[in-house]
Amino acid sequence: MSIAPQRLLGFAFASADLLLELSPDGRITLAMGASEALSGNAETELTGRAWRDFVDVRDRPLMQALLDGLADGRRGGPVVVSLATENGRERAASLSAFCLPANHGAISCVMSRATPKTTHELHDKTAFEAVTSALFETAKATGVELELALVEMGGLEGLRKKLSPEAFKAIEQRLSGALRAQSHGGAAAADLGQDRYALVRQQGESPDNLTKRILKLLNLSPSDGVAPVAAAIAMKSDAQPGQVMRAIRFSLDSFIKDGMDSAQPATLDEAVARSVRRTLTDVGVLGEAVTAKNFKLVYQPVVNLKDKNSLHHHEVLVRFGDNASPFPMIRMAEELDLIEPLDLAVVEQTIDRLAGDPNLRLAANISGRTITSSDFIAAVKSMLAAKPAAVGRLMFELTESAAIEDMALADRHLQALRDEGCMVCLDDFGAGAASLAYLQQLSLDIVKIDGRYIREIQHGGRESTFIRHLVYMCGELGVKTLAEMVETPQAEEAVRKAGVDYAQGWLYGAPTDIPLKPTATGGANVRPALRRVGEVESWG
Ligand code: C2E
Ligand code: MG
Ligand code: MG
């Protein structure tokens with residue numbers, strides 16, 4: 001059957017603004033359609049050029065992976081790619097590609113105008129959760145069948161150790177391109193850390209084939225020891241949007257925690273059921289923790305950088321059952337209005353401990369939600385009155401996990417605590433949107449700079465500028481500064497240089513059941529050298 005070319009063209013333009021043909025060596029051999037409007041170049045200017053010059057540098061790994069993945073007769077895309085532009089105006093196109101066997105290796109691409117993407121990299125977990133939930137809603141409305149694919153790139157970390165940083169970076173770039181090229185719209189893939197990745201894609205292909213293709217795109221040989229494993233969760237559920245969101249988060253969290261060791265749910269409905277079960281168990285544990293005070297406290301040292309790293313105080317951190325981070329439970333306690341009794345129970349035990357150990361100084365965390373409670377302040381006052389031995393050595397860290405609703409009230413309460421002899425510290429400064437407003441409106445003794453800045457500061461760059469200026473500003477306000485998550489001598493050196501007063505982190509000791517023992521000289525404990533907590537004698 002012979003069909004007139006214009007009829008075929010009609011079909012092509014029904015789906016696209018611009019048609020491009022690429023030769024196997026990556027040159028544009030044919031351009032037809034609204035080239036000027038889409039790319040800013042006339043059709044004739046495009047012909048003969050390499051596609052690499054036509055695509056924004058940040059999206060080249062994505063485009064490369066898309067083209068490389070065509071070999072097995074699959075259609076690639078659609079993915080949104082940004083196009084290289086000269087005048088700074090960002091243009092983007094949704095692009096699909098296909099390699100018809102009869103076309104001698106030529107690749108046919110169709111492109112239509114699209115909204116530019118917000119990122120050209122793999123998402124982090126939080127952004128990916130939002131992308132996935134949005135895609136779930138769209139899929140529900142349009143009937144597209146999507147799945148959440150979880151990919152564990154076993155052996156990648158080992159390869160990092162074997163290769164030069166440049167060689168490994170090239171592989172990471174290829175991997176990022178490959179995962180994005182496989183994902184829905186080219187913008188729904190995430191790096192979850194520890195060799196674990198996730199992406200949303202259309203259903204219809206086995207996870208095994210996905211891993212095979214990724215491996216091929218990475219161009220690795222079996223001797224490189226990288227063995228990806230994948231599982232897929234069909235994104236189908238009739239549950240409420242909030243429940244689906246929690247189920248997505250739950251599935252990602254269990255994958256991050258246990259990798260492929262834990263059996264993945266087959267559908268989001270199953271994930272919803274699992275996450276509901278888990279939430280109910282957690283609520284039970286939380287209820288127990290609050291009513292039966294079923295939790296324990298661990299203590300992490302904070303040192304004084306301006307006094308030979310002597311021990312200044314310990315931060316008190318709560319633990320439920322296992323030694324895992326209490327953060328998810330704290331968030332849940334905030335959501336379920338259980339945080340105030342929990343904070344109070346922690347403070348009560350902290351005061352008991354202080355009353356029994358005259359050399360200790362302890363800082364308890366309190367949620368932004370708790371600080372506006374008058375009952376809480378009254379309870380702290382009466383507990384201190386009952387244990388006068390503890391007065392002067394109790395401190396508070398105000399966490400930002402729940403935004404403070406009434407700033408003026410919060411400040412009055414903080415002042416009431418200071419009047420009782422408690423120093424107050426603002427936790428995680430710089431992590432939340434409201435940090436500056438807090439600093440402006442609350443009277444504080446110490447500002448604790450969020451760990452994310454500290455972990456980066458040793459590499460120089462913008463973080464050290466930020467910290468230097470923050471220290472200066474706090475100095476003007478008469479507030480001391482504390483750096484958390486100091487993990488290496490380099491980080492310590494950097495924060496010391498920036499003028500930070502106190503430091504906390506694995507370099508000085510992880511949180512442990514028993515606080516460090518102060519020296520016989522009393523007061524501040526002068527540590528002879530920086531040592532890990534395990535090597536330091538403990539206070540029995
Ligand atoms: P936070 O108050 O900012 O506590 C610091 C967190 O960083 C702790 O995590 C600690 O274990 C961890 N950390 C300490 N040094 C290092 C380091 O060098 N590197 C790294 N990567 N991490 C380090 P944890 O114990 O999981 O606590 C998480 C959060 O949970 C706390 O953050 C705090 O916001 C909240 N929290 C803990 N206990 C309580 C409590 O009793 N009440 C309230 N309201 N919140 C609490
Ligand atoms: Mg804290
Ligand atoms: Mg903190």
Side-chain angles (χ1 to χ4, degrees), residues 193-194 257 286 289-290 293-303 313-351 353 362-373 376 380 394-404 410 423-432 435 438 444-458 481-492 494-495 500 502-513 530 532-533:
Q194 293 174 316
K257 189 158 163 272
L286 191 61
V290 175
K293 309 214 165 109
N294 202 357
F295 58 81
K296 72 167 191 176
L297 301 180
V298 290
Y299 305 86
Q300 188 176 30
V302 174
V303 304
H313 68 273
H314 287 84
E315 176 176 7
V316 178
L317 295 155
V318 71
R319 293 291 179 265
F320 304 103
D322 51 13
N323 230 349
S325 171
F327 200 61
M329 291 276 254
I330 296 284
R331 293 287 293 271
M332 185 188 286
E334 284 170 346
E335 269 173 40
L336 298 178
D337 274 336
L338 285 172
I339 192 66
E340 185 184 332
L342 179 65
D343 281 346
L344 196 61
V346 169
V347 172
E348 186 181 20
Q349 291 198 9
T350 304
I351 291 177
R353 180 102 208 191
L362 298 175
N365 286 283
I366 46 169
S367 156
R369 212 151 268 183
T370 303
I371 192 61
T372 47
S373 155
F376 175 81
V380 172
L394 174 64
M395 300 170 60
F396 289 99
E397 288 191 13
L398 182 61
T399 68
E400 259 204 83
S401 43
I404 298 174
M423 280 168 98
V424 298
C425 168
L426 179 62
D427 206 347
D428 307 317
F429 186 89
S435 292
Y438 286 8
L444 304 156
D445 298 292
I446 304 177
V447 158
K448 198 174 204 179
I449 307 161
D450 191 61
R452 81 183 64 174
Y453 300 100
I454 309 304
R455 293 167 86 184
E456 296 296 322
I457 192 183
Q458 42 189 322
T481 47
L482 194 163
E484 63 177 2
M485 298 201 194
V486 173
E487 295 177 353
T488 61
Q490 291 80 358
E492 182 191 277
V495 293
V500 173
Y502 307 106
Q504 173 184 11
W506 292 337
L507 183 63
Y508 316 101
T512 47
D513 290 358
L530 300 174
R532 290 238 164 222
V533 70

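One-based numbering, in listed order, for ligands and for the atoms of each. Computed from a predicted model, the values in this text were never measured in an experiment.
- Here's the thing with V318: one of its N/O atoms is less than 3.5 angstrom from an N/O atom of ligand 1.
- With hydrogens and angles ignored, the 3.5 Å screen pairs no side-chain donor or acceptor of N365 with any backbone N or O of T399.
- Once rounded to the nearest 0.5 Å, the distance linking CD1 of I339 with CZ of R369 reads 9.0 Å.
- Between G451 and ligand 1 there is no heavy-atom distance shorter than 4.0 Å.
- Looking at every heavy atom in both residues, V500 comes nearest to T481 through CA-OG1, 3.4 Å.
- For T399, no nitrogen or oxygen atom sits less than 3.5 Å from a nitrogen or oxygen atom of ligand 1, counting backbone and side chain alike.
- Within the 4.0 Å heavy-atom criterion, the part of R455 lying near ligand 1 is the side chain and not the backbone.
- Residue D343 approaches ligand 1 through these ligand atoms, each under 4.0 Å from one of its heavy atoms: 42 (N), 43 (C), 44 (N).
- When heavy-atom distances to ligand 1 are checked against a 4.0 Å cut-off, N365 comes that close through both its backbone and its side chain.
- Between the side chain of E315 and the backbone N or O of Q300, no donor-acceptor pair lies under 3.5 Å.
- Not a single donor-acceptor pair under 3.5 Å links the side chain of Y438 to the backbone N or O of L426.
- At a heavy-atom cutoff of 4.0 Å, ligand 1 is contacted by no atom of T370, backbone or side chain.
- One finds the CD1 atom of I404 at 10.0 Å from the OG1 atom of T370 (value rounded to the nearest 0.5 Å).
- Distance CD1/I366 to OG/S373: 10.0 Å, rounded to 0.5 Å.
- Ligand 1 has a nitrogen or oxygen under 3.5 angstrom from a nitrogen or oxygen of R319.
- Considering every non-hydrogen atom in both S367 and L398, the closest pair reads O-CD1, 3.9 Å.
- Closest approach of P301 to Y508, counting heavy atoms only: CG-O, 3.6 Å.
- Around the Mg ion (ligand 2), protein N, O or S atoms at a distance under 2.8 Å total 4; waters are neither shown nor counted.
- Under 4.0 angstrom from ligand 1, the non-hydrogen atoms of P511 all belong to its side chain.
- In this structure, the separation between CZ on R452 and CD on E484 is 10.0 Å, given to the nearest 0.5 Å.
- Side-chain polar atoms of K448 and Q504 form a donor-acceptor pair below 3.5 angstrom.
- In E484, the part holding a heavy atom less than 4.0 Å from any atom of ligand 1 is the side chain.
- Atom numbering of ligand 1 starts at 1 in the shown order; those under 4.0 Å from a heavy atom of D427 are 1 (P), 2 (O), 3 (O).
- When the options I371, D428, L344 are ranked by their closest heavy atom to atom 3 (O) of ligand 1, first place goes to D428.
- In this structure, CD in E335 is found 12.5 Å from CD1 in I330, a value given to the nearest 0.5 Å.
- Between the side chain of D445 and the backbone N or O of V424, at least one donor-acceptor pair lies under 3.5 Å.
- Distances below 4.0 Å separate heavy atoms of Q300 from the following atoms of ligand 1: 14 (C), 15 (N).
- Heavy-atom separations between E334 and ligand 1 are all 4.0 Å or longer.
- Within the listing of ligand 1, atoms 15 (N), 18 (O) sit less than 4.0 angstrom from a heavy atom of G505.
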